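Owing to the predicted nature of the structure, the values given are computational and were not obtained by experimental measurement.
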Amino acid sequence: MLGVYNYTVILTYAGVLTAYAGIINVFNDNIKTALLCLMVAGLFDMFDGKVAGTKKNRTLFEKRFGIQIDSLSDLISYGVLPALIMYQVDHPNRLISCICGVYMLCALIRLSYFNVDEEERQNSTEEERHEYRGLPVTSVALILPTVFVVTNCIHRRPGIIGAAVLAACGISFITPFKLIKPNNTGKAVIIVIGITVLTLLIRINLG
């Protein structure tokens with residue numbers, strides 16, 4: 001069979017299937033469940049690289065396949081799914097529709113750039129990456145649900161606010177500023193924030 005099917009890619013495959021479930025829920029107008037799927041996909045992505053790194057005898061093909069499949073999965077999970085969520089919340093608003101389209105394009109450009117940059121980096125060094133250039137697309141898995149929680153708490157519709165946040169994220173995806181990768185403490189903080197947002201999201205009513 002074509003492809004790679006060992007444990008190094010299992011979380012990536014699980015993430016894209018979770019995002020697919022989120023897209024189905026968008027079409028069924030179940031925005032809360034779609035947001036929960038977005039967050040779960042983000043959780044899978046947080047650990048897929050660590051899992052892949054435990055296999056010390058990965059071939060060059062497996063490494064390159066991992067880079068490609070991770071970005072393709074990310075495009076669906078953090079490019080298409082967030083754009084569809086915001087479109088569905090306030091359609092047929094043309095402005096928001098355009099913003100969602102541009103956001104998705106920015107995610108595509110960033111992920112394509114990352115693939116090329118990461119392959120060149122791995123050809124020159126085996127050291128782990130210590131910083132990002134621009135905002136990682138996976139950050140939207142925490143940012144967008146937070147927007148919905150905050151807007152619900154202040155009794156505001158998330159439509160234009162969420163679209164503005166998506167626009168800012170899209171611009172940040174392709175802006176070449178340096179962002180230090182979080183260490184273990186930073187990841188622990190992100191997980192605590194994520195659990196808090198997840199708990200609040202489950203409790204609120206988005207209907």
Go through F44 and V16 one step at a time and tell me if the side chain to side chain contact (heavy atoms under 4.5 Å, CB included) criterion holds. CA-CA 9 Å; F44 287 146; V16 75; over 6 Å; no
For I174 and Y113: C-alpha separation, side-chain torsions, deciding distance, then whether side chain to side chain contact (heavy atoms under 4.5 Å, CB included) applies. CA-CA 9 Å; I174 57 176; Y113 175 86; over 6 Å; no
Given F173 and I109, is the side chain to side chain contact (heavy atoms under 4.5 Å, CB included) satisfied, shown in steps? CA-CA 8 Å; F173 291 162; I109 293 170; over 6 Å; no
Please assess L144 against V165 for the test side chain to side chain contact (heavy atoms under 4.5 Å, CB included), listing each intermediate value before the final yes or no. CA-CA 8 Å; L144 191 59; V165 170; 5.6 Å; no
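Residue-environment remark: OH (Y20) stays at or below the threshold of 12 foreign heavy atoms within 6.0 Å. Crowding of N6 atom CG: a count of heavy atoms from other residues, nucleotides or ligands under 6.0 Å exceeding 12. By the neighbour-count criterion of 12 heavy atoms within 6.0 Å, atom CD1 of I10 is sparsely surrounded, having that number or fewer from other residues, nucleotides or ligands. Remark: R58 CZ is packed, more than 12 non-hydrogen atoms of other residues, nucleotides or ligands lying under 6.0 Å away.
In terms of heavy atoms, L81 sits closest to I23 at CD1-N, 3.7 Å. Considering all non-hydrogen atoms of both residues, G194 and L142 come closest at CA-CD1, 3.7 Å. For the residue pair A34 and N25, the shortest heavy atom distance occurs at N-CB, 4.0 Å. Closest approach of A141 and M39 over heavy atoms only: O-CG, 3.4 Å. Listed here is the closest heavy atom pair of P158 and V89: CG-CG1, 3.8 Å. Between P182 and I190, the shortest heavy-atom distance links the atoms CG-CD1, 4.1 Å.
The same ILVMFWY cluster, assembled from side-chain heavy atoms under 4.5 Å apart, contains both L200 and I202. A chain of hydrophobic side-chain contacts below 4.5 Å, direct or via other Ile, Leu, Val, Met, Phe, Trp or Tyr residues, connects V140 to L105. By the rule that hydrophobic residues join a cluster once side-chain heavy atoms approach within less than 4.5 Å of another member, F177 and I143 end up as members of one cluster. Follow the hydrophobic side-chain contacts under 4.5 Å out from V137 and you reach F47 in the same cluster. Both L11 and I191 sit in one connected hydrophobic cluster of ILVMFWY residues. Membership requires side-chain heavy atoms under 4.5 Å apart, directly or through other members.
Between atom CD1 of residue I204 and atom OG1 of residue T151 there is a gap of 7.0 Å, rounded to the nearest 0.5 Å. Atom SG of residue C100 and atom CD of residue Q88 lie 10.5 Å apart, to the nearest 0.5 angstrom. Put simply, CG on L72 and CG on L108 are 9.5 Å apart, with the number rounded to the nearest 0.5 Å. Rounding to the nearest 0.5 Å places OG1 of T12 at 11.0 Å from CG of L17. Taking CD1 from I69 and CG from D74, the interatomic distance works out to 10.5 Å, rounded to the nearest 0.5 Å. If you take CD1 on I99 and CG on D90, they are separated by 10.5 Å, rounding to the nearest 0.5 Å.
Using a distance-only test at 3.5 Å, with no hydrogens or angles considered, a donor-acceptor pair links the side chain of T196 to the main chain of V192. Looking at Y78, its side chain does come within 3.5 Å of a backbone N or O of A41 through a donor-acceptor pair. The closest donor-acceptor contact from the side chain of N93 to the backbone of I96 lies under 3.5 Å. In terms of modelled atom types and a separation under 3.5 Å, the side chain of S71 and the main chain of Q68 share no donor-acceptor contact. K181 places no side-chain N or O within donor-acceptor distance of the main-chain N or O of Y132, the cut-off being under 3.5 Å. Formation of a donor-acceptor pair under 3.5 Å by the N152 side chain with backbone atoms of N205 is found in this model.
Residues D70 and D45 meet the side-chain proximity criterion, which asks for heavy atoms closer than 4.5 Å. By the 4.5 Å heavy-atom criterion applied to side chains, Y87 and V26 are not counted as neighbours. In this structure, V147 and L166 have side chains that are not in contact, with every pair of non-hydrogen atoms separated by 4.5 Å or more.
N57 and K55 share a donor-acceptor pair across their side chains, judged by distance under 3.5 Å alone.
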